[in-house]
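Here is the structure we will look at.
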Amino acid sequence: MERKAVKNLIIGFGKAGKTLAKSLARKGEAVAIVEQSPRMYGGTCINIGCIPSKSLIVNGQKGEKFADAALQKVNLVEKLNRKNYHMIADEPTATVIDGKARFLSDHEVEISREGQPAMLVEAERIFINTGARAILPSILGMSECKNLVTSTGLMDLQKRPDHLVIIGSGYIGLEFSSMFLSYGSRVTVIDSHRTFLPRQDRDIAARVKKDLEEAGAVFKLGYEINGVFDRDEKSILNITFDGQAEEVEADKILLATGRKPNISGLGLENTSVKIGEDGHILVNEKLETSAKNIWALGDVHGGPQFTYTSLDDYRIIESQLYGDKGRTLDNRGELASSVFITPTLSNVGLTETEAQAQRKNYRLFRLEATAIPKSAVLKQSKGLLKALVDPETEEILGATLYAEDSHEVINILSLAMKAKLPYTMIRDHIFTHPTMSEALNDLFSNANEVKK
Ligand SMILES: Cc1cc2nc3c(=O)[nH]c(=O)nc-3n(C[C@H](O)[C@H](O)[C@H](O)COP(=O)(O)OP(=O)(O)OC[C@H]3O[C@@H](n4cnc5c(N)ncnc54)[C@H](O)[C@@H]3O)c2cc1C
Ligand SMILES: NC(=O)c1ccc[n+]([C@@H]2O[C@H](COP(=O)([O-])OP(=O)(O)OC[C@H]3O[C@@H](n4cnc5c(N)ncnc54)[C@H](O)[C@@H]3O)[C@@H](O)[C@H]2O)c1
């Protein structure tokens, strides 16, 4: 077996891993990064996640035809994939190894390669960045169903399905409903949960649901899925609500019921790395696993699954191994998030419901998106903005922005929260005009405070 010794081995070409590989190489350190599929150079985000999905979403909003948008998506991904490969492979002290990694011990990793003998890599330090993969709930008949796909399969289609049935109304379920509605598909969303967007305030969830319904989505919430079978070119889902059975016919079925840490076949049982009950790699606030030479970064260690949290994991490693050791998971602060539907739904910090559950004192500010001049310019006036402020410190406790471009505007509020700025600073700040961010002036004005 071919053997290789290297100081740093990174398993998985994700956001954290590739950024770390580049940084190590720039320091002149020997680093090898192993990736199981050339299709995935650069990881989930650029190949099968954020970037292709947002490309399809944006082109759908612009009114492009699905076939054209699909082609643009392929070209964009190919370009980014090659760029990511060369970003690492062209560094003199870095090596990209094609193959699937499996631990033999805390320091030894076997890499199986297609059409070539396996390779054994011995490394001083190992960074696991293997991401997450779609959870496939067990549904009777699903393995024989030819129209059942995950988000990856759906984005590979050349032709839009006439009727898309989506199982799951979380991030992927909602973003893909909005996306395919914009291309003219009929969309039905089924979720086992009765409450729509359970972590959002009820007024926000109701708005989102109503807007998606107006765009054509049909929601079937609180349904159990009993089985699926093919009939000619279509597939039929058997579902029940309160014991009442019904059938739904679909051209494609998207499974979007969550993603779980990718540790399958990684051989962690041969190491001293400990795994949590739900299958994530256990790490401390410095991302150290229970093996002293092994770290885990990104989706694989559980917690929020975002590209920007994976990037922040890289920053933690950099700070711990080469910096002032100040950066950890514990001082990450509030994370903003956005669901890229139309308009976008963004959150940071507490929702009103969470503030109430925590018995916090808060001042509530509320603004209809119709009041924002830029929303009229953009011809997208749907939405509602909410923000909570601590009455004593005047700091922002949280915000929910359901409005066009809220994925940009939310970052202003997350920065303000991190900097502990009083809300008055945002209220009185001079923003350029006409922009969606200037709505923050109005949102925080006294006139828009909701007296409880
Ligand atoms: C459809 C979709 C849309 C998304 N949209 C967004 C978004 O808009 N914004 C956002 O922030 N997040 C989004 N996400 C989530 C985001 O993509 C992930 O959280 C992020 O990419 C995780 O990065 P990572 O660094 O953990 O690893 P990944 O980027 O997942 O990389 C892991 C890599 O490891 C490889 N690998 C796995 N096992 C092995 C092995 N044994 N040997 C060798 N290689 C291996 C995999 O092939 C993969 O390339 C989306 C996800 C999906 C699926
Ligand atoms: N904009 C973004 O940042 C973005 C976009 C896409 C994905 N992501 C990341 O990817 C992760 C995975 O997304 P996701 O949408 O797959 O998961 P999710 O956890 O967001 O939503 C899963 C949904 O599936 C439902 N569900 C679970 N099991 C079910 C079953 N058996 N039958 C019917 N419904 C069922 C749940 O009730 C939930 O509504 C997200 O947590 C997110 O971190 C982020």
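Here the structure is a predicted model, which is why all the values come from computation and not from measurement. Each ligand, and each atom within it, is numbered from 1 in the order the structure gives. Counting from 1, the numbers follow the sequence of the chain as shown.
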Would you check, one step at a time, whether the test salt bridge (Lys or Arg N to Asp or Glu O under 4.0 Å) holds for D68 with K65? CA-CA 5 Å; D68 296 340; K65 289 204 175 72; 5.5 Å; no
For ligand 2, which is the ligand I care about here, please tell me if [X] has any N or O atom under 3.5 Å from one of the ligand's N or O atoms.
| X | answer |
| --- | --- |
| Y171 | yes |
| G258 | yes |
| S338 | yes |
| I172 | yes |
| D191 | yes |

I'd like to check whether T307 has a polar contact with ligand 1, where a contact means an N/O of the residue lying under 3.5 Å from an N/O of the ligand.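 Yes; the residue has a nitrogen or oxygen that sits under 3.5 Å from a nitrogen or oxygen of the ligand.
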Is there a polar contact between ligand 1 and K54, counting only N or O atoms under 3.5 Å apart?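 Among all N and O atoms of K54, at least one is under 3.5 Å from an N or O of ligand 1.
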Which residue pairs pass the side-chain hydrogen bond (donor to acceptor under 3.5 Å, both in side chains) test with at least one member in residues 128-141, sequence neighbours excluded?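 For residues 128-141, and leaving out neighbouring residues, the side-chain hydrogen bond (donor to acceptor under 3.5 Å, both in side chains) pairs sorted by first residue read R133-N262.
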Which of the atoms in ligand 1, numbered in the order shown and given with their element, are less than 4.0 Å from a heavy-atom of [X]?
| X | value |
| --- | --- |
| V34 | 43 (C), 44 (N) |
| K15 | 25 (O) |
| R259 | 53 (C) |
| N262 | 37 (C) |
| L266 | 41 (N) |
| G14 | 25 (O), 27 (O), 28 (P), 29 (O), 31 (O) |
| F13 | 33 (C), 34 (O) |
| S53 | 3 (C) |

Enumerate the atoms of ligand 2 whose separation from the nearest heavy atom of [X] is less than 4.0 angstrom.
| X | answer |
| --- | --- |
| F340 | 1 (N) |
| S169 | 23 (C), 39 (O) |
| H193 | 37 (O) |
| I167 | 32 (N), 33 (C) |
| E175 | 1 (N), 2 (C), 5 (C), 6 (C) |

Of the listed options [options], closest to [atom] (non-hydrogen atoms):
| atom | options | answer |
| --- | --- | --- |
| atom 37 (C) of ligand 1 | I33, T130, N47 | T130 |
| atom 22 (C) of ligand 2 | A256, G168, S53 | A256 |
| atom 27 (O) of ligand 1 | P38, G131, G267 | G131 |
| atom 18 (C) of ligand 1 | D299, I263, T44 | D299 |

Examine F66 together with F180 and report whether their ring centres are nearer than 6.0 Å.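 Yes, the ring of F66 comes within the 6.0 Å limit of the ring of F180, centre to centre.
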For Y314 and F127, I'd like to know if the aromatic rings sit close, meaning centre-to-centre distance below 6.0 Å.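 Not under 6.0 Å, so no.
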For [atom], what is the nearest protein heavy atom, given as residue, atom name and distance?
| atom | value |
| --- | --- |
| atom 15 (C) of ligand 1 | Q305 O, 3.7 Å |
| atom 49 (O) of ligand 1 | E35 OE1, 2.7 Å |
| atom 29 (C) of ligand 2 | T257 CG2, 3.4 Å |
| atom 18 (P) of ligand 2 | G170 CA, 4.1 Å |
| atom 52 (C) of ligand 1 | G49 CA, 3.7 Å |
| atom 31 (N) of ligand 2 | P137 CB, 3.8 Å |
| atom 33 (C) of ligand 2 | S192 N, 3.3 Å |
| atom 9 (C) of ligand 2 | Q305 O, 3.4 Å |

Is a donor on one side and an acceptor on the other found under 3.5 Å between the side chain of [X] and the backbone of [Y]?
| X | Y | result |
| --- | --- | --- |
| N331 | G326 | yes |
| D230 | K146 | yes |
| S53 | G49 | yes |

Tell me, please: is [X] in heavy-atom contact with ligand 1, that is, under 4.0 Å?
| X | answer |
| --- | --- |
| A16 | yes |
| T152 | no |
| S37 | no |
| V300 | no |
| G99 | yes |

Where do N270 and R102 land on the side chain to side chain contact (heavy atoms under 4.5 Å, CB included) test, with the steps shown first? CA-CA 9 Å; N270 302 325; R102 188 175 74 94; 3.8 Å; yes
When you look for heavy atoms under 4.0 Å from ligand 1, do you find them on the side chain of [X], its backbone, both, or neither?
| X | result |
| --- | --- |
| N129 | both |
| F306 | both |
| C50 | both |
| R102 | neither |
| A101 | both |

Electrostatic pair [X]:[Y] at N-O distance under 4.0 angstrom:
| X | Y | value |
| --- | --- | --- |
| K4 | E122 | no |
| D251 | K234 | yes |
| E2 | R113 | yes |
| R125 | E29 | yes |

Between ligand 2 and S337, can you find any atom pair, the residue atom being a heavy atom, that is separated by under 4.0 Å?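 No, that is not the case, since the closest heavy atom of the residue is not under 4.0 Å from the ligand.
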Rounded to the nearest 0.5 Å, what separation is found between the CG atom of N238 and the CD atom of E247?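 That separation rounds to 5.0 Å.
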Atom pair CG (D313) and NZ (K286), whose distance is rounded to the nearest 0.5 Å: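 Answer for the CG-NZ pair, D313 versus K286, is 15.0 Å.
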Minimum heavy-atom separation for L221 to S169, with atom names?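 Taking every non-hydrogen atom into account, CD2-OG, 4.4 Å.
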Do you know which of I239, D191, I139 makes side chain to side chain contact (heavy atoms under 4.5 Å, CB included) with I167?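 Considering I239, D191, I139, a side chain to side chain contact (heavy atoms under 4.5 Å, CB included) with I167 is found only for I139.
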Can you find a side-chain donor-acceptor pair between S23 and K27 that sits under 3.5 Å?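 Yes, because at least one side-chain N or O of S23 sits under 3.5 Å from a partner of the opposite role on K27.
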